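Below you'll find the structure, written out as structure tokens, and then a few comments.
Bear in mind the structure is a predicted one, so any value in this text is a computation, not a measurement.
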Amino acid sequence: MYLADYHVHSTCSPDGHQTMAQAAEAAVRQGLRELCITDHVDTIHWGTLAPRDDFDWEESRRQFHEAQALWGDRITLRRGAELGEAQLSFDRADRLLAGEELDFVIGSVHLSGKKFANMDLYYIEKGSEAYYDSVIDSYLDDVLALARWGRFQVLGHLTLPLRYINEQHGEHMTFRRHMDRVEEIFRTIIPQGVGIECNTNRGNEPLPGEEILRLYRSLGGEIITLGSDAHRPEDVGCFIRQRQELLRTCGFRHFTTFERGRPQFQAL
């Protein structure tokens, strides 16, 4: 079994609590063969909507080289990024990534969209199903805009609102009433050669879950990565094995790793 974690944050992310070397050590201990560090490279400053035009690539390269020196003989390490909120400014997103030789980029939306003044999804309030559905619709407007731009390898944690609605508020919402929108997103990215992520959500409900994974596969989607979204060493590789089994159940025969932006298909 080839094990790879393609969504991991280091201290180069504002919410990261591990160096890249610590993440690599944790990955080796978990039996992973490959690890991609995907720190937050956002078009806005953390916790605000203020435009951001820089990222500390020098520190990112330093940490990556340190991790390579310590652990590169025991695991394949890849340089990636989680490009956040590109939908707010595609030009700014291009500038943030310009000149960096990355293996992999996740395109992610963490905001609730224009209808909710781009509130961070973390701050979804407890409310009615109609309120939750309205947030999801607004969020999916931004995801579709990001999908049409398509300058990344996979779309990250597609059902992210459920992390906050269900885990923080004890609800049982699904995307079932939004499947037409999800299908439109898939029909947009698949012809572009852009895939999706199965985010293991550190052992909670995967993002997305089985119903949406099956839809993606039925539409011809093949490019899919697995990522723990780990911010601490103890979460690196979390539920990667179990989500490989989920992918098999949904009809996938391979998952995807990347080298210099090119997909590499690994047997499940």
Side-chain angles (χ1 to χ4, degrees), residues 1-42 46-47 55-84 100 102-108 110 120-122 153-154 156-157 160 162-164 166-168 197-207 224-247 255-259 264 266 268:
M1 178 181 287
Y2 193 94
L3 300 173
D5 190 340
Y6 260 61
H7 193 148
V8 172
H9 297 278
S10 78
T11 52
C12 292
S13 293
D15 56 350
H17 298 279
Q18 60 186 344
T19 65
M20 294 186 194
Q22 289 169 332
E25 180 182 9
V28 169
R29 289 180 175 172
Q30 287 293 326
L32 271 59
R33 299 276 298 279
E34 194 166 329
L35 180 73
C36 187
I37 306 294
T38 55
D39 281 309
H40 288 292
V41 180
D42 298 335
W46 189 259
F55 178 78
D56 194 348
W57 290 112
E58 183 177 353
E59 173 62 11
S60 175
R61 288 190 294 270
R62 187 198 69 75
Q63 284 205 29
F64 187 80
H65 292 150
E66 177 186 50
Q68 279 277 39
L70 290 170
W71 299 101
D73 61 339
R74 299 181 63 181
I75 188 170
T76 298
L77 298 176
R78 303 293 189 194
R79 289 190 73 215
E82 182 178 10
L83 178 62
E100 285 302 311
L102 300 175
D103 293 296
F104 176 65
V105 176
I106 303 170
S108 292
H110 303 89
D120 193 302
L121 291 168
Y122 179 85
Q153 275 69 57
V154 302
H157 44 51
L160 183 63
L162 300 183
R163 175 184 288 173
Y164 304 109
N166 294 341
E167 294 172 30
Q168 292 186 175
E197 169 193 50
C198 178
N199 187 302
T200 74
N201 198 18
R202 299 184 290 272
N204 295 301
E205 178 69 19
L207 309 171
I224 187 162
T225 58
L226 289 154
S228 66
D229 214 345
H231 292 68
R232 302 174 186 273
E234 57 265 32
D235 291 326
V236 173
C238 183
F239 266 65
I240 294 293
R241 290 173 174 83
Q242 293 89 334
R243 298 312 173 223
Q244 283 200 11
E245 180 58 38
L246 173 61
L247 294 188
F255 73 98
T256 319
T257 58
F258 282 84
E259 182 177 3
Q264 315 287 317
Q266 311 293 346
L268 286 165

Worksheet item: If you look at every heavy atom in V236 and Q18, which pair is closest and at what distance?
Response: CG2-OE1, 3.6 Å

Discussion item. Check whether D103 reaches the backbone of R79 with its side chain - one donor and one acceptor, N or O, closer than 3.5 Å.
Written reply: yes

Practice prompt. Report, as yes or no, whether the 6.0 Å neighbourhood of atom OH on Y2 holds more than 12 heavy atoms from other residues, nucleotides or ligands.
Written response: yes

Worksheet item: If you draw a 6.0 Å radius around CZ in R74, do more than 12 non-hydrogen atoms from other residues or ligands fall strictly inside?
Response: no

Practice prompt. Evaluate the side-chain proximity of E82 to E197: yes if any heavy-atom separation is below 4.5 Å, no if none is.
Written response: no

Practice prompt. Let me see the working for Q244 and F255 under side-chain contact (heavy atoms from CB on, under 4.5 Å), right down to the final yes or no.
Written response: CA-CA 8 Å; Q244 283 200 11; F255 73 98; 3.5 Å; yes

Worksheet entry | Atom of L77, atom of A24 and distance for their closest heavy-atom approach | CD2-CB, 4.0 Å

Fill in: Result of checking R61, E66, E59 against Q63 for side chain to side chain donor-acceptor pair (under 3.5 Å)
E59

Worksheet item: Closest approach of A26 and P233, non-hydrogen atoms and distance?
Response: CB-O, 3.4 Å

Worksheet entry | Worked check of ring pair (Phe, Tyr, Trp, His ring centres under 6.0 Å) between H9 and H231 | CA-CA 5 Å; H9 297 278; H231 292 68; 4.4 Å; yes

Practice prompt. Would you give the length of the straight line joining atom CD of Q68 to atom CG of D73, rounded to the nearest 0.5 angstrom?
Written response: 9.5 Å

Response to the item:
When every non-hydrogen atom of I240 is compared with those of G227, the smallest separation belongs to CD1-N, 4.1 Å

Worksheet item: So do the side chains of F239 and P206 get within less than 4.5 Å of each other, counting heavy atoms only?
Response: no

Discussion item. If we check side chain to side chain donor-acceptor pair (under 3.5 Å) with S228, which of these qualifies: T200, D235, D5?
Written reply: D5

Item to complete: Report the C-alpha distance between E245 and R241 in whole Å, list the side-chain angles of each, state the deciding distance to 0.1 Å, and finish with yes or no for salt bridge (charged side-chain N to carboxylate O under 4.0 Å, His left out).
Response: CA-CA 7 Å; E245 180 58 38; R241 290 173 174 83; over 6 Å; no

Worksheet entry | Expected output: side-chain R78 to main-chain E259 donor-acceptor under 3.5 Å | no

Worksheet item: Would you say the side chain of Q168 lies within less than 4.5 Å of the side chain of Y122, judging by non-hydrogen atoms?
Response: yes

Worksheet item: Okay, side chain of Y6, backbone of F258: is any donor-acceptor separation there less than 3.5 Å?
Response: yes

Worksheet, complete the sentence: In H157, E167, H7, the residue satisfying side chain to side chain donor-acceptor pair (under 3.5 Å) with N201 is E167

Fill in: 4.5 Å side-chain heavy-atom contact, F104 and T256
no

Worksheet entry | Rounded distance [0.5 Å steps], CG in L160 versus CG in D229 | 8.5 Å

Worksheet item: Please walk me through it: do M20 and D39 pass side-chain contact (heavy atoms from CB on, under 4.5 Å)?
Response: CA-CA 10 Å; M20 294 186 194; D39 281 309; 3.6 Å; yes

Worksheet item: Do you know which two heavy atoms are closest between H40 and P14, and how far apart they sit?
Response: CB-CD, 4.3 Å

Worksheet item: Are E58 and R62 within salt-bridge range, i.e. N to O under 4.0 Å?
Response: no

Discussion item. Using 0.5 Å steps for rounding, measure from the CZ atom of R243 to the OG1 atom of T225.
Written reply: 14.5 Å

Discussion item. Using only atom types and a distance under 3.5 Å, with no angle test, would you say the side chain of S108 pairs donor to acceptor with the backbone of L83?
Written reply: no

Discussion item. Tell me which one of R33, Q264, Q266 satisfies side chain to side chain donor-acceptor pair (under 3.5 Å) with T257.
Written reply: Q266

Response to the item:
Minimal heavy-atom distance between I37 and A23, with the atoms involved, is CD1-CB, 4.1 Å

Item to complete: Could you tell me the separation between the CZ atom of R202 and the CG atom of L207, rounded to the nearest 0.5 Å?
Response: 9.5 Å

Fill in: Residues V41, E100; criterion side-chain contact (heavy atoms from CB on, under 4.5 Å); working and verdict
CA-CA 12 Å; V41 180; E100 285 302 311; over 6 Å; no

Worksheet item: Are S10 and F64 close enough, and set up right, to give a side-chain contact (heavy atoms from CB on, under 4.5 Å), and what steps lead you there?
Response: CA-CA 10 Å; S10 78; F64 187 80; over 6 Å; no

Discussion item. Let me confirm one number: the CG-CG distance from L247 to L226, rounded to the nearest 0.5 Å.
Written reply: 5.0 Å

Discussion item. To the nearest 0.5 Å, what is the distance between CD1 on I75 and CD on Q30?
Written reply: 10.5 Å

